[in-house]
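Structure first, then comments.
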Amino acid sequence: MNNAETTTSKPEFSAAAQEELETIFSRYPDRRSAMLMVLHLAQREFGYISPGVEELVAEVMERPVTEIHGVVTFYTMYNTKPVGKYHIQLCRNISCWIKNAPGLLEYLKSRLGIDVGQTTSDGKFTLSEVECLAHCENAPTMQINDDIICDLTKEKIDRLIDELK
Amino acid sequence: MKLVSKNFDVPDSHKLAVCEQNGGYTRIRKALEMEPQTIIDEVIAANLRGLGGAGFPAGRKWSFLPKDNPKPRYLVVNADEGEPGTCKDKYIMTNDPHLLLEGIMIASWAINSHTCFIYIRGEYVKQAKILEAAIAEAKAAGYLGDKMFGKDFPLEVVVHRGAGAYICGEETSLLNSLEGKRGWPRLKPPFPAVEGYLACPTIVNNVETISYVPWVIELGGEKFASLGSERNGGMRLYSVSGCVKKPGVYELPLGTNLKDIIFEHAGGLFEGRRLKAVIPGGSSSPVLTPDEIDLPMDFDSLAAAGSMLGSAGIIVLDDTINLVEALAVLARFYAHESCGQCTPCREGTGWMRKILDRIVAEGGRSVDPANLERIAKNIIGNSICPLGEAASLPVIGFAAKFPEEFAEYVARGETAKPSTTAVAAVI
């Protein structure tokens with residue numbers, strides 16, 4: 001075993017998270033059904049689902065790690081790379097596209113100085129494009145972490161980024 | 001007249017006390033005095049259709065549950081609202097979560113199920129929290145949990161969050177996802193009513209469908225049915241987005257004229273604009289031309305018009321919109337969301353996307369429209385779930401109904417293409 005392996009600490013769920021895990025498991029007739037909820041919890045705990053976190057989840061779920069990896073990579077909401085403190089996800093689907101989502105994407109890119117899929121050097125913002133967020137009546141929309149922002153304009157984007165900076 | 005949207009504008013309508021002041025939980029009390037089969041009969045008489053998009057009669061779905069299967073039965077509420085242009089279930093869950101819970105209670109009583117999962121799309125964090133709070137309130141009041149209104153009928157409702165996959169709105173894919181797997185659709189039969197969640201009999205209904213159940217009980221099946229059109233009972237929520245003055249969610253009878261929804265309820269077009277196209281039932285429904293929109297919005301009329309009512313997500317496109325680019329946006333979406341299980345859909349959606357992206361970027365080729373149609377037709381009927389069809393129908397529809405828009409791109413592409421002699425000279 002080399003040094004890198006001995007010094008890299010394996011991720012562990014906090015005591016609070018372990019308690020939450022038990023609550024999650026108690027809601028399902030079988031353990032495996034809790035998978036998506038456990039992964040949501042893991043992402044909240046560790047920020048993203050690293051290979052180490054996949055192993056931890058595999059242990060908790062009592063399932064093979066390959067299966068966990070298969071699930072993680074199927075769903076778009078699980079991040080397999082670190083993301084910034086604020087994850088900006090702009091909707092690119094039809095109703096938002098009609099309302100100039102492409103123009104706002106260009107604006108976001110230049111405002112943040114990054115491309116889609118990148119994180120600002122200060123680790124604050126990650127920019128992604130997503131499919132329909134189901135707020136079509138208030139298009140264009142984007143999501144910042146858990147919040148959905150509607151009726152987006154360049155001015156609104158400026159205000160939000162200034163506030164979060 | 002308003003049914004499910006009746007309390008949307010009431011302040012604090014998501015709270016139990018407010019909901020009860022406005023008629024909440026009166027229908028479940030009435031339902032608990034009724035025989036389960038009587039409730040199913042009322043729902044059948046109501047002509048309540050599956051409002052997620054498939055339009056299957058809800059009462060008939062319930063009656064498919066096997067009578068002699070000893071396994072537990074599950075009710076799964078599909079709250080994975082993801083069909084582009086659709087944003088209606090969000091309103092129910094945000095503004096009247098107790099109405100959904102009341103519908104769940106009545107349905108659970110009718111089908112004799114003691115566990116309900118609400119599969120909510122992962123992005124609806126706010127709505128998931130509202131539902132959790134509503135469930136806690138209902139439990140504390142003795143409406144849910146070990147007993148339902150004092151009756152020896154335990155019922156647990158669990159909020160289960162999805163994680164970003166359009167395909168999980170398809171019921172069998174949703175069930176695999178609920179079981180902790182990749183959201184791959186299953187072959188049918190067996191249908192979920194026979195073998196669903198964990199191979200147990202399962203009823204999957206959309207949020208809106210379940211939320212109309214209390215109204216079926218309040219009004220009676222026959223009265224409810226009479227609010228809509230033939231075989232399309234009651235009302236529904238129409239989401240209107242795109243090029244209209246008042247985009248929003250409107251509750252109107254099934255069979256309301258599409259033209260009226262756009263021009264009266266949604267405020268019509270912006271000044272000086274001309275209507276170019278309407279997608280009537282979410283992005284998967286075949287597009288309509290302006291000449292085709294004078295028709296009643298119900299499942300059968302839309303099917304007769306060669307389109308579908310689907311989720312009733314109406315997307316309005318005016319003359320400022322480039323339809324080839326719009327179709328490329330949709331093709332990109334379906335290619336992204338194809339789950340990869342069936343080859344015709346996985347490969348076909350990818351090719352349609354590539355061809356449309358290239359048409360937009362570089363211009364078209366004369367063979368493009370025929371190629372697109374051929375690929376689309378090779379997907380239809382050759383995939384396990386309806387996503388393949390959903391991806392193909394818009395391509396076929398746009399190309400057939402707006403050939404002139406494609407012709408412009410083809411003309412541009414063919415002019416830009418170097419002639420074969422020029423290429424030969426270069427070589």
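Just so it is clear, the structure is predicted and the values come from calculations on it, not from any experiment. Lettering of chains follows the sequences in order, A, B, ..., and the numbering in each one begins at 1.
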> Between A:D158 and A:R111, is the closest basic N to carboxylate O distance under 4.0 Å?
Replying inline: yes
> Measuring heavy-atom distances to chain B, does A:I148 have an atom under 4.5 Å in its side chain, in its backbone, in both, or in neither?
Replying inline: side chain
> So what's closer than 4.5 Å to chain A heavy atoms on B:Y250: side chain, backbone, both or neither?
Replying inline: neither
>> Counting only non-hydrogen atoms closer than 4.5 Å, does A:H40 touch chain B with its backbone (N, CA, C, O), its side chain (CB onward), both, or neither?
In response: side chain
> Which bit of B:Y334 comes within less than 4.5 Å of chain A, counting heavy atoms only: side chain, backbone, both or neither?
Replying inline: neither
> Checking B:H160 against chain A: side chain, backbone, both or neither under 4.5 Å from a heavy atom?
Replying inline: both
> Using the ring of each side chain (for Trp, its six-membered ring), is A:Y78 parallel, tilted or perpendicular to A:Y75, with breaks at 30° and 60°?
Replying inline: perpendicular
> Does the distance from a Lys or Arg side-chain N to an Asp or Glu carboxylate O, for A:E131 and A:R92, drop under 4.0 Å?
Replying inline: yes
> Which answer fits B:K181, side chain, backbone, both or neither, if we ask what part of it has an atom under 4.5 Å from a heavy atom of chain A?
Replying inline: both
>> Donor-acceptor check, side chain of A:T141 to backbone of A:H135, threshold 3.5 angstrom: yes or no?
In response: no
>> Between A:R32 and A:E67 (salt bridge meaning N to carboxylate O under 4.0 Å), is one present in this structure?
In response: yes
> Who among B:E81, B:E156, B:R332 has the most heavy-atom pairs with chain A under 4.5 Å?
Replying inline: B:R332
>> If you count heavy atoms of other groups shown closer than 6.0 angstrom to NZ of B:K245, is the number above 12?
In response: yes
> Hey, which of B:V240, B:L198, B:V316, B:I167 has the most heavy atom pairs under 4.5 Å with chain A?
Replying inline: B:L198
>> Using heavy-atom distances under 4.5 Å, tell me whether B:V158 contacts chain A through its side chain, its backbone, both, or neither.
In response: side chain
> Which residue out of B:G180, B:P72, B:S177, B:P247 racks up the most heavy-atom pairs below 4.5 Å with chain A?
Replying inline: B:G180
> Charged N to carboxylate O under 4.0 angstrom, B:K126 versus A:D146?
Replying inline: no
> Do you know which of B:Y124, B:W184, B:Y197, B:F333 has the most heavy-atom pairs under 4.5 Å to chain A?
Replying inline: B:F333
>> Report which part of B:S239 has an atom under 4.5 Å of a heavy atom belonging to chain A: side chain, backbone, both, or neither.
In response: neither
> Relative to chain A, which segment of B:C339 carries a heavy atom at a distance below 4.5 Å: side chain, backbone, both, or neither?
Replying inline: both
> Is B:E208 salt-bridged to B:R236, cutoff N-O under 4.0 Å?
Replying inline: yes
>> With chain A as the partner, which of B:S241, B:G164, B:A163, B:A326 has the greatest number of non-hydrogen pairs under 4.5 Å?
In response: B:A163
> Going by distance alone, is a donor N or O of one side chain under 3.5 Å from an acceptor N or O of the other, for A:T126 and A:Q118?
Replying inline: no
> Checking B:V159 against chain A: side chain, backbone, both or neither under 4.5 Å from a heavy atom?
Replying inline: backbone
> Does atom CG of A:D30 have more than 12 heavy-atom neighbours, drawn from other residues, nucleotides or ligands, at distances under 6.0 Å?
Replying inline: yes
>> Counting heavy-atom pairs closer than 4.5 Å to chain A, which one of B:H336, B:E337, B:K246 comes out on top?
In response: B:H336
>> Are there over 12 heavy-atom neighbours, none belonging to A:E19, within less than 6.0 Å of that residue's CD?
In response: no
>> Between B:E325 and chain A, with a heavy-atom cut-off of 4.5 Å, which part of the residue counts as in contact: side chain, backbone, both or neither?
In response: both
> Contact part of B:E123 toward chain A, heavy-atom cut-off under 4.5 Å: side chain, backbone, both or neither?
Replying inline: both
>> Heavy-atom pairs under 4.5 Å with chain B: which of A:S95, A:C96, A:C132, A:A34 has the most?
In response: A:C132
> For B:F117, is it the side chain, the backbone, both, or neither that has a heavy atom closer than 4.5 Å to a heavy atom of chain A?
Replying inline: side chain
> Considering residues, nucleotides and ligands other than A:H69, do more than 12 of their heavy atoms fall under 6.0 Å from its NE2?
Replying inline: no
>> Taking every non-hydrogen pair under 4.5 Å, which of A:R63, A:Q143, A:E137 racks up the most with chain B?
In response: A:E137
>> Between B:T94 and B:Q127, is there a side-chain heavy-atom distance shorter than 4.5 Å?
In response: yes
